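Because only heavy atoms are used, hydrogens play no part in the values below, and waters and symmetry mates are left out as well, while side chains stay in. Note that the coordinates shown come from a computational prediction; the quantities given were computed from them, not determined experimentally.
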Amino acid sequence: MTVTLHLRGETKPLEARAALTPTTVKALIAKGFKIYVEESPQSIFDIDEYRKAGATIVPFGSWISAPRDRIIIGLKEMPEEDKFPLVHEHIQFAHCYKDQAGWQDVLRRFINGNGTLYDLEFLENDQGRRVAAFGFYAGFAGAALGLRDWAFKQTHSDNEDLGGVTPYPNEKALIKDVKVDLQKAYKVGAKPPTVLIIGAKGRCGSGAIDLLHKAGIPDKNILKWDIKETARGGPFKEIAQADIFINCIYLSKPIPPFINFDLLNRSDRRLRTVVDISADTTNPHNPIPIYDIATVFNKPTVRVPTTIGPKLSVISIDHLPSLLPREASEFFARDLLPSLEQLPNRHIAPVWVKAERLFERHCARVSRSSKL
């Protein structure tokens with residue numbers, strides 16, 4: 001059975017990553033797959049890279065009218081203003097299984113079109129571990145922006161905010177900019193910041209630690225918290241005493257908040273920058289309930305309305321790995337490839353069967369809520 005994949009062009013602003021890279025396209029075609037790739041004005045990969053890998057190039061947005069037997073693959077969610085029914089099988093991050101704002105509307109499009117969603121966030125192996133994730137580069141990029149924001153605050157007034165950023169060609173260029181910003185902060189008397197990471201043992205946390213080390217932050221300044229350190233339950237006063245707090249946990253159930261306004265509105269607070277890599281902004285159980293805006297690359301921070309102490313900002317960009325789109329895409333696609341190779345047998349392959357059952361379960365929730 002020949003499987004046809006159609007890589008749709010991303011529409012989220014500044015999303016330069018791709019679910020399929022030229023490397024994985026070449027590997028899949030060698031396995032007998034047929035691959036269509038849309039022209040994309042914002043992808044880090046030049047369309048000729050896909051052409052040389054053997055893909056058929058098609059116009060941007062052509063997936064909408066593509067034959068139903070194509071599996072549409074992308075990364076980020078489609079524009080909220082689009083309401084037409086979805087008739088294909090789709091592989092993507094949909095952000096609709098954890099009661100995020102608008103989750104029912106997202107699933108209704110699949111229900112109305114009799115389509116199927118295989119959510120990339122919930123593709124799991126037999127051990128219940130995700131088969132592919134952007135966690136490492138989310139942590140890496142988040143830590144980089146956290147350092148840049150903290151350094152900016154050392155050299156600018158509280159009336160100014162960190163300016164917009166755009167994707168980097170590689171991590172070497174990103175690290176160079178971070179080091180330049182830190183050196184400016186050190187020249188005006190600042191000391192290397194203390195950074196507290198919750199979820200330090202996971203993919204995301206390891207990426208954050210890697211960036212901090214490469215940027216020259218001493219290991220003694222990196223507080224690595226995980227299950228043991230958070231077992232007592234928040235809120236944690238230690239967060240307010242760090243210069244930068246990076247949240248790397250994957251939220252799967254309600255937990256006490258990590259930080260609250262009582263701890264922030266104290267004269268001895270040191271905290272200047274929060275990087276919420278999980279960015280569960282609309283989740284009712286968000287453990288960082290001090291902001292409610294998802295930030296974007298061209299405006300990466302949102303201020304926290306504290307009543308005392310220095311200015312505090314949150315970075316809550318939900319596609320941080322796109323700051324390093326080439327490395328992040330190759331990393332993710334390499335891990336996803338073995339599961340994609342199972343698509344010809346997706347109706348019996350455990351990773352795809354589990355994903356479809358999860359989709360059906362949440363669609364049933366929509367149907368039940370509509371009857372109430």
Side-chain angles (χ1 to χ4, degrees), residues 15-17 75-76 93 120-121 129-151 162 165 167-168 170-175 177-179 181-182 192-219 221-227 229-230 239 242-252 258-259 271 273-281 286-288 294-297 300-301 313-336:
E15 178 53 84
R17 292 173 297 169
L75 279 183
K76 300 304 291 184
F93 289 101
L120 287 167
E121 184 177 354
R129 183 173 175 81
R130 290 176 65 180
V131 299
F134 282 103
F136 181 88
Y137 277 102
F140 195 97
L145 292 184
L147 288 179
R148 293 198 66 187
D149 182 65
W150 174 86
L162 180 68
V165 296
Y168 282 82
N170 52 61
E171 68 175 57
K172 182 179 179 180
L174 172 60
I175 294 167
D177 276 4
V178 172
K179 287 183 173 181
D181 289 348
L182 288 174
T194 296
V195 185
L196 191 154
I197 302 170
I198 292 185
K201 292 184 178 180
R203 289 179 172 126
C204 180
S206 62
I209 293 167
D210 188 49
L211 180 283
L212 294 172
H213 285 159
K214 288 177 177 176
I217 303 301
D219 195 63
N221 285 46
I222 305 172
L223 307 180
K224 306 170 185 127
W225 282 27
D226 215 272
I227 295 175
E229 291 79 7
T230 58
I239 292 176
D243 296 298
I244 301 171
F245 166 48
I246 303 178
N247 175 41
C248 293
I249 72 150
Y250 175 77
L251 184 65
S252 58
F258 290 153
I259 190 71
L271 187 65
T273 299
V274 173
V275 184
D276 188 6
I277 294 173
S278 296
D280 275 316
T281 314
N286 181 9
I288 308 177
T295 62
V296 291
F297 282 141
T301 66
S313 303
V314 175
I315 295 169
S316 57
I317 299 169
D318 68 0
H319 60 131
L320 278 166
S322 197
L323 196 63
L324 290 167
R326 184 172 287 272
E327 287 107 328
S329 297
E330 293 286 12
F331 188 94
F332 180 84
R334 183 190 66 224
D335 286 350
L336 183 61

> Would Arg334 pass as a cation-pi partner of Phe331, given that its NZ or CZ must be under 6.0 Å from the six-membered ring centre and within 45 degrees of the axis?
yes

> Decide yes or no for Leu120 and Phe332: does some side-chain heavy atom of the first lie under 4.5 Å from some side-chain heavy atom of the second?
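In short, these two side chains touch, coming nearer than 4.5 Å.
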
> Might you work through the ring-ring contact (aromatic ring centres under 6.0 Å, His included) test for His319 and Phe134, ending with a clear yes or no?
CA-CA 9 Å; His319 60 131; Phe134 282 103; over 10 Å; no

> CG of Asp318 to OG of Ser278: how many Å apart, nearest 0.5 Å?
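Going from CG on Asp318 over to OG on Ser278, the span is 11.0 Å.
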
> Sequence neighbours left out, what passes side chain to side chain contact (heavy atoms under 4.5 Å, CB included) with Pro300? Give chain and number order.
Leu162, Ile317

> What closest approach, in Å, do Ile217 and Pro193 show between heavy atoms, and which atom pair accounts for it?
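Closest approach of Ile217 to Pro193, heavy atoms only: CD1-CD, 3.8 Å.
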
> Could you report the tightest heavy-atom contact between Gly205 and Ile197, atom names first, then the distance?
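Nearest pair, atom of Gly205 first, then Ile197: CA-CG2, 4.3 Å.
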
> How far does OG of Ser206 sit from CZ of Phe136, to the nearest 0.5 angstrom?
5.5 Å

> For Ile315, which of Asp276, Val274, Ile277, Thr301 qualifies under side chain to side chain contact (heavy atoms under 4.5 Å, CB included)?
Thr301

> Minimum heavy-atom separation for Leu182 to Ala215, with atom names?
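Looking at all heavy atoms of both residues, the shortest contact is CD1-O, 3.7 Å.
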
> Measure the spacing between CD1 of Ile244 and CG of Leu196 and express it to the nearest 0.5 Å.
11.0 Å

> Does Leu211 reach the side chain of Ile175, with side-chain heavy atoms less than 4.5 Å apart?
yes

> When you compare the side chain of Leu323 with that of Val165, does any pair of heavy atoms fall below 4.5 Å?
yes

> Is the side chain of Ser316 donor-acceptor paired with the backbone N or O of Ala279 at a distance under 3.5 Å, no angle test?
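Side chain of Ser316 to backbone of Ala279: no pair is present.
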
> So how far is it from Ile259 CD1 to Asn247 CG, rounded to the nearest 0.5 Å?
11.5 Å

> Just how far is it from atom CD1 of Ile227 to atom NZ of Lys201, taken to the nearest 0.5 Å?
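If we round to the nearest 0.5 Å, Ile227:CD1 and Lys201:NZ are 7.5 Å apart.
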
> If we only count heavy atoms from C-beta on, is the Asp226 to Ile249 side-chain gap below 4.5 Å?
no

> Work out which heavy atom in Gly199 is nearest to a heavy atom in Cys248; give both atom names and the distance.
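Here Gly199 and Cys248 meet closest at O-CB, 3.9 Å.
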
> Arg130: what forms a side chain to side chain contact (heavy atoms under 4.5 Å, CB included) with it, not counting sequence neighbours?
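If we apply the side chain to side chain contact (heavy atoms under 4.5 Å, CB included) test to Arg130, skipping adjacent residues, the hits are Phe93, Glu121, Ala133, Arg203.
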
> For residues 137-151, please give each side-chain donor-acceptor pair under 3.5 Å, one per line with the distance, not counting sequence neighbours.
residue, atom, partner, partner atom, Å
Arg148, NE, Asp181, OD2, 2.6
Arg148, NH1, Tyr168, OH, 3.0
Arg148, NH2, Asp181, OD2, 3.3
Asp149, OD1, Lys153, NZ, 3.1
Asp149, OD2, Lys153, NZ, 2.3
Asp149, OD2, Thr273, OG1, 2.6

> Run the numbers on Leu324 and Leu174 for side chain to side chain contact (heavy atoms under 4.5 Å, CB included), then give the verdict.
CA-CA 8 Å; Leu324 290 167; Leu174 172 60; 3.8 Å; yes

> Quick one: does Glu15's side chain have a donor or acceptor within less than 3.5 Å of a partner on Arg17's backbone?
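It does hold such a pair.
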
> CG/Leu223 to CD1/Ile246 distance, rounded to the nearest 0.5 angstrom?
11.0 Å

> Could you tell me which non-hydrogen atom of Lys179 sits nearest to which non-hydrogen atom of Lys214, and how far apart they are?
CE-O, 3.0 Å

> Any salt bridge between Asp219 and Lys224, counting N to O under 4.0 Å?
yes

